[in-house]
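In what follows, every heavy atom counts, from backbone to side chain, and hydrogens, waters and symmetry copies are set aside. Order of listing sets the numbers, starting from 1, for every ligand and every atom in it.
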Amino acid sequence: MKILVTGAAGFIGANFVYYELGAHADDEIVGLDSLTYAGNLETLEGAIKDGRFRFVKADITDADAVERVFTEDGFDVVVNFAAESHVDRSIEDPSVFLKTNILGTQLLMDAARRHDVPRYHQVSTDEVYGDLPLDRPDLLFTEETPIHTSSPYSASKAAADLLVQAYHRTHGFPATISRCSNNYGPYQFPEKLIPLMIANALADKPLPVYGEGLNVRDWLYVWDHCAAVDRVMRGGKVGEVYNIGGHNEMRNIDIVKIILEKLGKPESLITYVTDRKGHDLRYAIDPSKISAELGWLPATKFADGISRTIDWYLANKPWWERIVSGEYREYYEKMYGDR
Ligand code: NAD
Ligand code: DAU
């Protein structure tokens, strides 16, 4: 199989490249990424050394560049991870979210159609379903839960999903969509909860917990997400949506306390800060469809995944310290300076 992976230099895209290279010896991958603040080519160093992988720096919103990539290589499948992915940034400036997440998806699908690519997979998110109440643990997101977005980020991802479904209905475009819960693991940019808290704790800096820290997320180890996307793109039914999650709901404050405990740092580092605007209360995925139809089940228990993740950040300090010391610092000041 020849696979085009967009967003390949980001957190999940890069993990997916490594997953595919490891799981399918005959596959070839073209990794495309425009290297925004979140894209880090260093992450792909190992893949670049593998003769089955090629990196292309290109923007999915640049029609000519995208067309060149599809002309140079014929693909059996396109997997679109490329996106602006951070909710807080979308609240500050939504424009690039609309451009990349919606128009970029349209351009990619148009190129895939022109070149008769037999399969397209859209990596979406559980955030398109909005949120669930904290006091109704019986409620979970199913594929039938109505789209009901809260942030400019989730609205842009939902718009892309609707466009993918419209292309399928209108043109018979051979697409699938997956909607996963929160991922954690190696190579996550240290603006997201878990790596940010690890980096701050190691530097003995305050750990900024939004509101009271009672919001709930459904955490999945990134490798399990990659395995699920692999199943969907190979065996999923065209036109279908698959939810991905591992029944692992946790409150933010409990995650932060686990990280402090594992690093041997005091809870006095926890600092409660102004809540995120429109902050979704709770996400919780019902993954029974992907389990029943494609036999996917999560393999990593949270206790193992979080230890592995912390160990990775301890062993790979140069990777994230270069991020923390660069452009990210200005962003950090803007987000947390007044809080
Ligand atoms: P990320 O921000 O770490 O990586 C995104 C990558 O896309 C970066 O390498 C960036 O350079 C690239 N990119 C951005 N704009 C681009 C453009 N216009 N052209 C080409 N490349 C571009 O994000 P992530 O956490 O790896 O998320 C990947 C995908 O998975 C996203 O679509 C996101 O919505 C979805 N998702 C993420 C999570 C999560 O918990 N992180 C959960 C569910 C779904
Ligand atoms: O559910 C899937 C989504 O998960 C993906 O679609 C997004 O791309 C991904 O960023 C993630 O979104 P969240 O907003 O849930 O992730 P984040 O790591 O930004 O925040 C997780 C929770 O932690 C959320 O309730 C906000 C809180 N938080 C976050 C940060 C960065 C804090 O309390 N303090 C912080 O500094």
[X]/[Y] ion pair, N-O < 4.0 Å:
X	Y	result
Asp131	Arg276	no
Arg52	Glu20	no
Asp254	Arg251	yes
Asp304	Arg308	no
Lys99	Glu84	no

I'd like to check whether Thr36 has a polar contact with ligand 1, where a contact means an N/O of the residue lying under 3.5 Å from an N/O of the ligand.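 Min N/O separation from ligand 1 is below 3.5 Å for Thr36.
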Starting from [atom], locate the nearest protein heavy atom and write down its residue, its atom name and how far away it is, to 0.1 Å.
atom	answer
atom 4 (O) of ligand 1	Gly10 CA, 3.4 Å
atom 27 (O) of ligand 1	Ile12 CD1, 3.8 Å
atom 40 (O) of ligand 1	Asn183 N, 2.9 Å
atom 29 (C) of ligand 1	Phe81 O, 3.2 Å
atom 2 (O) of ligand 1	Ser85 OG, 2.7 Å
atom 16 (C) of ligand 1	Ser34 OG, 3.2 Å
atom 3 (O) of ligand 1	Phe11 N, 3.1 Å
atom 32 (O) of ligand 1	Lys157 NZ, 2.7 Å

Minimum heavy-atom distance Tyr313-Trp319, with the two atoms named: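 So the two residues come closest at CE2-CZ3, 4.3 Å.
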For a quick test of reading the model, state the closest non-hydrogen atom pair linking Val78 to Leu108 and the distance between them.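 Of all heavy-atom pairs spanning Val78 and Leu108, the closest is CG1-CD2, 4.5 Å.
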Ligand-residue contact atoms, ligand 2 with [X], heavy atoms, under 4.0 Å:
X	value
Asp126	1 (O), 2 (C)
Glu191	31 (C)
His279	24 (C), 25 (O), 26 (C)
Tyr283	1 (O), 15 (O)
Val209	33 (O)
Asn182	1 (O), 2 (C), 4 (O), 11 (C), 12 (O), 13 (P), 15 (O), 16 (O)
His86	19 (O)
Thr125	1 (O), 2 (C), 3 (C), 5 (C), 6 (O)

State whether the shortest distance between N or O atoms of [X] and N or O atoms of ligand 2 falls below 3.5 angstrom.
X	result
Cys180	no
Tyr210	yes
Asp88	no
Trp219	no

Determine, using heavy atoms of Ser124 and all atoms of ligand 1, whether some pair is separated by less than 4.0 Å.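 Contact check Ser124 vs ligand 1: positive.
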Of all the heavy atoms in Ala9, does at least one lie under 4.0 Å from an atom in ligand 1?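 So Ala9 counts as touching ligand 1.
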Tell me whether Glu321 at atom CD has more than 12 heavy atoms from other residues, nucleotides or ligands lying less than 6.0 Å away.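 Counting neighbours around CD of Glu321, more than 12 heavy atoms of other residues, nucleotides or ligands fall under 6.0 Å, so yes.
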If we only consider heavy atoms of Lys157, is any one of them less than 4.0 Å away from an atom in ligand 2?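 The answer is no: ligand 2 sits nowhere under 4.0 Å from a heavy atom of Lys157.
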Given the rule in the ring pair (Phe, Tyr, Trp, His ring centres under 6.0 Å) test, do Trp320 and Trp312 qualify, once you have shown the distances and angles that lead to the verdict? CA-CA 11 Å; Trp320 56 267; Trp312 187 88; 9.2 Å; no
Considering only heavy atoms, which of [options] lies nearest to [atom]?
atom	options	result
atom 7 (O) of ligand 1	Ala83, Ala160, Ser181, Gly31	Ala83
atom 15 (N) of ligand 1	Thr105, Thr100, Asp59, Val56	Thr100
atom 6 (C) of ligand 1	Thr6, Val123, Asp33	Asp33
atom 6 (O) of ligand 2	Tyr153, Tyr272, Tyr184	Tyr153

Has Ser291 got a side-chain atom pairing as donor or acceptor with Trp296's backbone, closer than 3.5 angstrom?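 The answer is yes, because a donor-acceptor pair under 3.5 Å joins these two groups.
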Sub-3.5 Å donor-acceptor pair from the side chain of Lys277 to the main-chain atoms of Asp88, do we have one?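 Checked: no pair found.
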At under 4.0 Å between heavy atoms, which part of [X] makes contact with ligand 1: side chain, backbone, both or neither?
X	answer
Asn80	neither
Ala8	neither
Tyr153	side chain

Side chain or backbone of [X] under 4.0 Å from ligand 2, or both, or neither, by non-hydrogen atoms?
X	value
Leu193	both
Glu127	side chain
Asp218	neither

For a quick check under 3.5 Å, do Asp110 and Gln106 share a side-chain donor-acceptor pair by atom type?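 Per modelled atom types, Asp110 and Gln106 side chains form a pair under 3.5 Å.
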Counting each atom of ligand 1 from 1 as listed, which ones have a heavy atom of Ala82 under 4.0 Å away?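 Atoms satisfying the 4.0 Å criterion: 7 (O), 21 (N), 22 (C).
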Less than 6.0 angstrom from the centroid, inside 45 degrees of the normal: does Arg179 satisfy that with respect to the ring of Phe141?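 Verdict for Phe141: no cation-pi partner in Arg179.
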